[in-house]
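Just so you know, ligand 1 is whichever comes first in the structure, and atom 1 is the first atom listed for that ligand.
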Amino acid sequence: MDRPTDLPRRRFLHLAGTAAGLAATSACASAARANGPGASTPGGPLTVDRTYNPTRFDPWIELDRAAWAHNVREAARLAGGRPILAVVKNNAYGLGDRAVGPLLAGMSQVGGLAAVRVEEALAMREEGVTKPIVVMAEGSEDEIEEMVRHDVLPSVWLDDAPGRLRSVSRRLGRPVPVHLFIDTGMNREGMPYTRAGNWIEELVQSEHVDVNGTYTMFTHDLDFDREQHARFEELLGWARDRDLPLGTLHAAPSFELFHLPEAHYDMVRPGNALFGNAPGEEAREMADLKPVFSLKTRVVRVEHLEPGDSAGFNRTFMPDRATWVALLPIGRTDGYPSAANGTCEVLINGRVYPVAGGVNSAHTILDIGPDKTVEVGDVATLIGPDHPAVLPHTVGERTELGFLRIIQSMNPRLPRRVV
Ligand SMILES: *Cc1c(COP(=O)(O)O)cnc(C)c1O
């Protein structure tokens with residue numbers, strides 16, 4: 001039997017008003033396979049592989065242990081050797097608390113971890129973190145009880161904290177260790193310093209409470225930071241005069257780690273700096289912070305286009321020359337921003353290629369150029385330290401999203417791989 005011959009390529013040079021994008025919706029039909037609930041599972045029970053698997057094309061996040069260690073050393077140097085209470089809130093700013101927590105906790109300069117949700121703290125305990133974990137949020141009685149059971153330190157700042165802690169302490173049959181969060185003018189979280197006195201006295205003297213630490217948070221307005229520092233100092237002096245021990249004192253997130261050394265207290269409390277994000281131009285001069293992660297995937301298709309061909313929804317990419325395009329199975333859902341199309345580049349085999357055919361929900365199309373320099377299975381780095389074009393800060397600038405929004409958008413489901 002004859003092999004079917006290739007079809008001749010039909011030309012379609014008309015540019016405006018095509019509905020080419022709609023054709024892609026037919027792909028949905030094939031996705032709607034009979035895998036619904038109740039379907040038997042031939043091949044054994046369904047498992048979701050959360051770990052890195054080199055046979056898959058799908059994206060993953062790589063965490064560079066040496067870069068984290070470097071940033072931790074830089075932070076410790078700025079803090080004059082004080083221990084670091086490493087902030088890994090918000091799922092480690094998007095990079096993944098289950099991976100980042102144990103990684104940081106394994107470093108000698110890190111005295112403990114700080115989260116904002118009970119789940120984050122418990123997830124890190126589940127991952128084997130044994131160092132102190134502070135949750136920088138108020139909790140319900142049930143949450144506080146659960147934290148104490150897992151050796152996690154809750155924060156308190158509400159007026160009714162003494163009553164709630166008494167009740168939890170009675171349930172547990174032991175005092176509840178807590179950190180007191182004092183508001184010195186940010187007016188976000190904390191017990192306002194102006195009426196903290198009696199509240200502190202009641203907590204410190206309560207047999208149901210063990211005040212393990214006391215802290216405040218700064219606004220990053222340096223003049224006002226100094227005023228906040230003075231307010232905190234006044235309160236600390238007041239407590240000292242009355243012999244009210246306040247435990248470990250901490251106050252400085254990244255900005256004040258760099259700019260307000262008088263507020264370093266017993267330990268410093270940075271997040272961003274450890275993640276490679278220096279708080280401002282001046283800070284970049286004061287410390288050499290390294291990018292700590294990469295966002296990678298594997299090329300899943302390489303095709304040749306001729307003039308007149310196009311790629312992507314609404315024919316996003318319409319080259320006027322013959323070129324190759326590569327498909328990456330990564331998109332907005334994974335955290336790679338749609339604003340990367342036409343602005344960002346992707347690193348493959350040491351060369352960067354422009355994002356040209358759109359960043360869709362789960363797909364990104366690159367323009368490879370006239371030579372086929374990329375093969376299916378090649379590793380593509382969308383964000384990472386190995387080329388200036390893919391640095392987290394570069395992607396943040398080119399997409400106008402900034403460093404934080406880039407990392408905070410990483411899909412929690414992406415496998416994390418520590419290298
Ligand atoms: C987020 C946060 C930090 C860490 O701030 P960075 O700017 O990331 O260093 C420290 N303390 C509190 C209370 C925070 O909310």
Taking only residues two or more places apart in sequence, or in another chain, which ones meet R188 in a salt bridge (charged side-chain N to carboxylate O under 4.0 Å, His left out)?
none
Can you pull out every side-chain hydrogen bond (donor to acceptor under 3.5 Å, both in side chains) where at least one residue sits in residues 77-92? Sequence neighbours excluded, please.
E74-R77
Before we go on, tell me: are the rings of F255 and F218 under 6.0 Å apart, centre to centre?
no
What do you reckon, are the aromatic ring centroids of H179 and H250 less than 6.0 Å apart?
yes
Between Y93 and F275, how do the two ring planes meet: parallel, tilted or perpendicular, split at 30° and 60°?
tilted
Using a 4.0 Å cut-off on heavy atoms, what residues surround ligand 1? Order them by chain and number.
V87, K89, Y93, M136, F181, R188, M217, P253, S254, R269, P270, G271, N272
Quick one: salt bridge (charged side-chain N to carboxylate O under 4.0 Å, His left out) pairs with a partner in residues 255-284, sequence neighbours left out?
E281-R284
